[in-house]
Amino acid sequence: MLTIMQEKIIADHILEKMSLENVFKILQDNLFPMLTDEEVEYSNQLQEFCMDLEPKIDRSKAVYELFPELGKHGYMQRINKWNDFTPYGMKKDILLGLQLSCLDCQLELGRLSSGILCANPTFHYFHEGGESSDIQKIQDDLMSGKKVGSIGITEPENGSDSVNMKTRCTKVDDGVVYNGEKVFTTNGAKADYFVVYGVYDTSNPRGSMVQSMIKREWGVETRRLKINSVPRIHIAHTILNNVKVPKEFILADDGKGYNRLFEGLVPERLGLIGSALGVSWTGLIYAIIYTNLRHQFGQPILNFQGVGFTLADLLSRLTAATSLALQAATIYDEKVLFAEKRSPAAEKWVAGVSSQAKYLCSRLSHDILYEVQQQMGGISVTDNTLVDDLCDASKIEEVVGGARNIQLFIIQNALRRYKNML
Ligand SMILES: Cc1cc2nc3c(=O)[nH]c(=O)nc-3n(C[C@H](O)[C@H](O)[C@H](O)COP(=O)(O)OP(=O)(O)OC[C@H]3O[C@@H](n4cnc5c(N)ncnc54)[C@H](O)[C@@H]3O)c2cc1C
């Protein structure tokens, strides 16, 4: 079993079956038929890695000391090519997030913030012709898991309305000076590096946004927020008081930061979908195992239609959501990420669908974990299984990376544009 219990009440014969190995067996049955041979091989290796790592995880400790283990195998992210780690692409990263969540859903959220949200801007920087060896070193530090990264977009007064940020940048001869505050900076209280957005002119954020890579040692102050649902991740209130950034660390200047912010949102949302699916699959599979083995009134509780039909409904919805996410990632890989000539229509479609799928999958993870707890009964709210941890993580999925209404707002805007077609 994956957790150290304060007091064990779960029956031994059930507990021994609630293993990561069995979670993966049932996941394989549901997921692998949707994958190519290459993706199955990649997933098999990843699952073996997870089973090897599992005994080393101390769930009373923060997730960060596990990052180097991920880094050694190229698992801090798999969207972009780094060193010789193959295969890679958006679909590989969704599979990574999904299966790492089965191992440890908090490790997965920490990894996503460091490996995707903070490291992706370095890949964008090089794709756009950047050449700094300092940025290359930071990319290597983040991808190897030796250092921790975070991203600062959200501010105390600007959450969903993130573009109208108040963090001010001021040009100086050899760089830029940041003044402002960010909140909800995932990994922030532990981070070595911060990708931070600011603007030269608060009345023209789109035209003046700057994206920089900032080292903690330049004066970034962080104060940890208490967020009960993910206690092993350090999420911070981040204060930038006259933090000077040398010009080599500016990733996108003079309004280009706005383009990077939006380019970054699609892989961010798709990555979050992988995590949400992983939380959902793990919770549902634990329920499938438990309800098959737990007897009441002389039979397995799964045989009662109240339990069995509910799990059948959840499985149907989760299979549909998973197939949507994999399809969106496939289109992104084929027509955007690896395309010789990017398809603007596909880019637009994936941007819209990433909001639709983020909206559906994050909500679904909450619905599934809530229902799973109702169907499993009391044991699921104890520390005898990991279900309550997964339920806690599912609470934040809808807020992180843009709250539910903002995804719907983006989808609604697309609907309004159809008027121009009429
Ligand atoms: C655990 C956690 C980790 C996070 N990690 C990061 C991180 O690493 N970096 C980072 O920059 N941010 C991070 N965030 C911030 C997250 O992206 C924001 O919380 C989110 O964008 C919403 O902003 P807000 O919380 O200020 O809510 P608000 O923007 O104040 O929204 C409150 C409510 O109003 C609704 N609302 C707002 N505007 C509209 C509208 N136009 N139409 C309809 N409804 C609307 C929202 O949907 C929401 O329900 C994290 C948040 C959490 C909880």
Side-chain angles (χ1 to χ4, degrees), residues 62-64 77 105-121 142 148-167 178 180-199 205 209 211-214 220 222-240 257-258 260-262 264-265 267-269 271-273 275-276 279 354-355 358-359 362-363 365-366 389 391-416:
V63 299
Y64 302 101
Q77 79 143 266
C105 60
Q106 292 189 55
L107 171 63
E108 160 52 17
L109 285 174
R111 167 315 284 183
L112 187 143
S113 293
S114 194
I116 299 186
L117 306 188
C118 187
N120 247 14
L142 292 168
V148 177
S150 63
I151 193 156
I153 302 170
T154 309
E155 300 180 349
E157 299 302 324
N158 288 81
S160 303
D161 185 13
S162 57
V163 169
N164 286 304
M165 56 184 64
K166 304 288 180 296
T167 295
Y178 273 71
E181 283 176 64
K182 301 289 176 180
V183 285
F184 296 115
T185 320
T186 300
N187 298 341
K190 287 276 180 189
D192 304 285
Y193 302 121
F194 301 77
V195 167
V196 185
Y197 292 84
V199 293
M209 196 174 290
Q211 180 204 48
S212 303
M213 180 65 77
I214 304 186
V220 181
T222 55
R223 301 175 195 159
R224 189 176 176 190
L225 298 170
K226 181 162 169 57
I227 298 188
N228 290 329
S229 32
V230 281
R232 295 167 55 227
I233 306 177
H234 290 228
I235 301 173
H237 180 188
T238 303
I239 291 130
L240 299 123
Y258 175 74
R260 294 279 173 87
L261 178 70
F262 274 82
L265 287 180
E268 175 188 352
R269 279 187 218 126
L272 283 164
I273 290 164
S275 313
V279 165
S354 67
S355 281
K358 159 74 172 59
Y359 162 70
S362 57
R363 174 70 202 200
S365 75
H366 178 66
D389 284 354
C391 188
D392 279 345
S394 80
K395 282 192 230 160
I396 60 161
E397 306 268 0
E398 265 198 301
V399 187
V400 184
R404 178 201 312 170
N405 279 355
I406 289 314
Q407 307 307 334
L408 291 173
F409 181 67
I410 294 166
I411 301 163
Q412 181 206 29
N413 275 343
L415 299 183
R416 285 168 54 207

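Note that ligands are numbered from 1 as they come in the structure, with each ligand's atoms numbered from 1 the same way. Just the heavy atoms: all of them, side chains too, but no hydrogens, waters or symmetry mates, feed the values below.
Side-chain atoms of Ser114 do not come within 3.5 Å of backbone N or O of Gly110 as any donor-acceptor pair. Although no hydrogens or angles enter the test, the distance criterion places no donor-acceptor pair under 3.5 Å between the side chain of Gln407 and the main chain of Lys358. Side-chain N or O atoms of Tyr197 include none that pairs as donor or acceptor with a backbone N or O of Met165 at under 3.5 Å. Distance alone, capped at 3.5 Å, is enough to place a donor-acceptor pair between the Lys166 side chain and the Asn164 backbone.
The single protein non-hydrogen atom nearest to atom 39 (C) of ligand 1 is Ile406 CD1, 4.0 Å, given as residue, atom name and distance. Ranking protein heavy atoms by distance to atom 2 (C) of ligand 1, first place goes to Val400 CG2, 3.7 Å.
Atom 34 (O) of ligand 1 lies below 4.0 Å from none of the non-hydrogen atoms of the protein. There is a protein heavy atom less than 4.0 angstrom from atom 12 (N) of ligand 1. Under the 4.0 angstrom criterion, atom 8 (O) of ligand 1 counts as having a protein heavy-atom contact. Within the 4.0 angstrom cut-off, atom 16 (C) of ligand 1 has one or more protein heavy-atom neighbours.
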Q | Criterion side chain to side chain donor-acceptor pair (under 3.5 Å) on Glu397 and Ser275, from CA distance to verdict | A | CA-CA 8 Å; Glu397 306 268 0; Ser275 313; 5.4 Å; no
Margin query: Under the criterion side chain to side chain contact (heavy atoms under 4.5 Å, CB included), I'd like the reasoning laid out for Ile410 against Arg269: C-alpha separation, chi angles, the key distance, then a yes or no.
Written below: CA-CA 13 Å; Ile410 294 166; Arg269 279 187 218 126; 3.5 Å; yes
For the pair Leu109 and Ile396, evaluate side chain to side chain contact (heavy atoms under 4.5 Å, CB included) and give the outcome as yes or no after the intermediate values. CA-CA 10 Å; Leu109 285 174; Ile396 60 161; 3.7 Å; yes
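Close approach of ligand 1 to Ile235 is summarised as follows: ligand atoms under 4.0 Å from at least one heavy atom of the residue are 1 (C). Near Gly159, meaning under 4.0 Å from any of its heavy atoms, are these atoms of ligand 1: 23 (O), 24 (P), 26 (O), 29 (O). Applying the 4.0 Å criterion to heavy atoms of Ala403 picks out, from ligand 1, the atoms 47 (O). Counting the atoms of ligand 1 from 1 in the order shown, those under 4.0 Å from a heavy atom of Val399 are 16 (C), 17 (O), 19 (O), 20 (C), 53 (C).
In plain terms, the two heavy atoms of Val279 and Ser365 that are nearest each other are CG1-CB, 4.4 Å. Closest heavy-atom contact between His234 and Ala62: NE2-CB, 3.7 Å. Contact record, Met209 with Val163: CE-O, 3.8 Å, taken as the closest heavy-atom pair.
Looking at ligand 1, you'll find an N or O of Thr186 within less than 3.5 Å of one of its N or O atoms. Checked by distance only, ligand 1 and Thr154 come closer than 3.5 Å through their nitrogen or oxygen atoms. Any N or O atom pair closer than 3.5 Å counts here, and Ile151 shares at least one such pair with ligand 1. Of the N or O atoms in Ile153, one or more lie within a sub-3.5 Å distance of an N or O in ligand 1.
Of all the listed residues (Asn405, Asp161, Val196), Asn405 holds the heavy atom that lies closest to atom 45 (C) of ligand 1. Residue Ser160 holds the heavy atom nearest to atom 36 (N) of ligand 1 of all those in Pro156, Ser160, Gly402, Ala236. Taking only non-hydrogen atoms, the option from Tyr197, Phe184, Phe194 nearest to atom 4 (C) of ligand 1 is Phe184.
Counting non-hydrogen atoms of neighbouring residues, nucleotides and ligands closer than 6.0 angstrom, the OH atom of Tyr359 reaches no more than 12 such neighbours.
Ligand 1 has at least one atom lying under 4.0 Å from a heavy atom of Gly401.
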